[in-house]
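See below for the structure under consideration.
Labels below follow one simple rule: chain letters A, B, ... track the order of the sequence lines, proteins then strands, and each chain is numbered from 1. Since the model is a prediction, treat every value here as computed from it, not as a measurement.
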Number of protein chains: 2
Amino acid sequence: MTAYHRGVDTSLRSTLHQRGLRMTPQRQLVLDAVCDLGHATPEQICTQVQASAPAVNITTIYRTLDLLERIGLVRHTHLGHGAPTYSEQEHQHVHLVCHSCGRITEAPTDLLDELAHRLRGDGFELDVTHLALSGLCTSCQHAPQDDLA
Amino acid sequence: MTAYHRGVDTSLRSTLHQRGLRMTPQRQLVLDAVCDLGHATPEQICTQVQASAPAVNITTIYRTLDLLERIGLVRHTHLGHGAPTYSEQEHQHVHLVCHSCGRITEAPTDLLDELAHRLRGDGFELDVTHLALSGLCTSCQHAPQDDLA
DNA sequence: CTATCTGCAAATCTTTTGCAACGGA
DNA sequence: TCCGTTGCAAAAGATTTGCAGATAG
């Protein structure tokens, strides 16, 4: 069930040890959940982790996500509405969020290359993955649209 | 002190009446605050409103912002970190947020025209103003950078 | 006069913090 | 053993809801 892309297990333990941090089962479970779920909120990650280890507290989820981000194994993206979502560091793409149905589409990051280049000229170094782009997906453009219900 | 662009006062009353809604001093104050502040969080708007009308409750701020958005007078943008910010509907621009120092820069929306066109070809209608773009501003690119402190 | 609005208090929800016990190296 | 980590409970912060009284039209 768990997707171990390029030996995540091994690199977690060593990455932690490099910094004098300890390997724990909770940390492995959180990292696994992030990889399995693609992009998920702390809440969703907690549910996933608790499926196999019910005793893990949500506080630990928050602390671990924070730590995994600091050591560069995961990143978080703000999709607009509520909670931020976490995903693997390597799994880079631009998120397109439909603000009508909430559906999230992933697009290749080079979609923003031209924009990034233009902004760099103005002194702004764009981080393509941190924020999503929002708009209307195909189906919602043609849907009745209840005038901002 | 208050900036009345193109007769906001008159249009608020009539826009409300068109929909069977009532004009109240609180609604005028909230709209004025949004216009004055540019892009502000509900909290900031509340502070601004309470400067002239201390009795106005933050609950009313939230309800009024929601209402003003539904009738198309204001819009909100997610800048990434915490709270959404509200601004006038007409005051359109792209927000660039530095995720190191948090500074917000405004850029013309036509910066995203090419991207919007490309996405439209894929069936996604981009809303340029709803989400900010994040990255590093000039000064933070050259700052020491404490490795994700 | 009536239905809409507002203020207040309390409920929710999400995230953070303090602290004692636990457990990895 | 030592100190980083965890779980629990409580705090903190943001937003929502229920309800009775105020008020626009």
Counting just side-chain N and O atoms, does R27(B) come under 4.0 Å of either OP1 or OP2 of dA24(D)? no

E106(A) and L96(A): CA distance, side-chain angles, deciding distance, side-chain contact (heavy atoms from CB on, under 4.5 Å) verdict: CA-CA 6 Å; E106(A) 300 179 352; L96(A) 304 176; over 6 Å; no

Nucleotide-resolved protein contact map, nucleotides 7-17 of chain D, B/S/- at heavy-atom distance under 4.0 Å: BBB----SSBB

Apply salt bridge (Lys or Arg N to Asp or Glu O under 4.0 Å) to D66(B) and list each qualifying residue two or more places apart in sequence or on a separate chain. R70(B)

Do V30(A) and V74(A) come within less than 4.5 Å of each other through their side chains, counting heavy atoms only? no

Length of the line joining L16(A):CG and dC3(D):C1', which is rounded to integer Å: 15 Å

Donor-acceptor pairs are to be reported for all side-chain atoms of residues 120-135 of chain A against protein atoms at under 3.5 Å, with residues two or more places apart or in another chain.
unit_1  : atom_1 : unit_2  : atom_2 : d
R120(A) : NE     : E125(A) : OE1    : 3.2
D127(A) : OD1    : T129(A) : N      : 3.1
D127(A) : OD1    : T129(A) : OG1    : 3.2
T129(A) : OG1    : R75(A)  : NH1    : 2.3
H130(A) : ND1    : H76(A)  : O      : 3.1

What integer distance in Å separates D66(A):CG from dT17(C):C1'? 13 Å

Taking atom P of dT4(C) as reference, at what distance in whole Å does atom CD1 of I71(B) sit? 16 Å

Can you pull out every side chain to side chain donor-acceptor pair (under 3.5 Å) where at least one residue sits in residues 49-58 of chain B? Sequence neighbours excluded, please. N57(B)-T59(B)

For Q50(B) and dT6(C), give me the distance from atom CD to atom P, rounded to whole Å. 14 Å

Length of the CZ-P vector between R19(B) and dT4(C), whole Å: 16 Å

Using a 4.0 Å heavy-atom cut-off to protein, can you give one letter per nucleotide of nucleotides 20-25 of chain C, 5' to 3': B if the base is in contact, S if only the sugar-phosphate is, - if neither? ---BBS

Show every ring pair (Phe, Tyr, Trp, His ring centres under 6.0 Å) that has at least one partner inside residues 52-73 of chain B, sequence neighbours left out. none

Run E43(A) and I58(A) through side-chain contact (heavy atoms from CB on, under 4.5 Å) and show every step you take. CA-CA 8 Å; E43(A) 197 71 33; I58(A) 187 145; 3.8 Å; yes

Please give, in whole Å, the distance from dC5(C) C1' to R70(B) CZ? 13 Å

Quick check: do C101(B) and S139(B) have side-chain heavy atoms less than 4.5 Å from each other? no

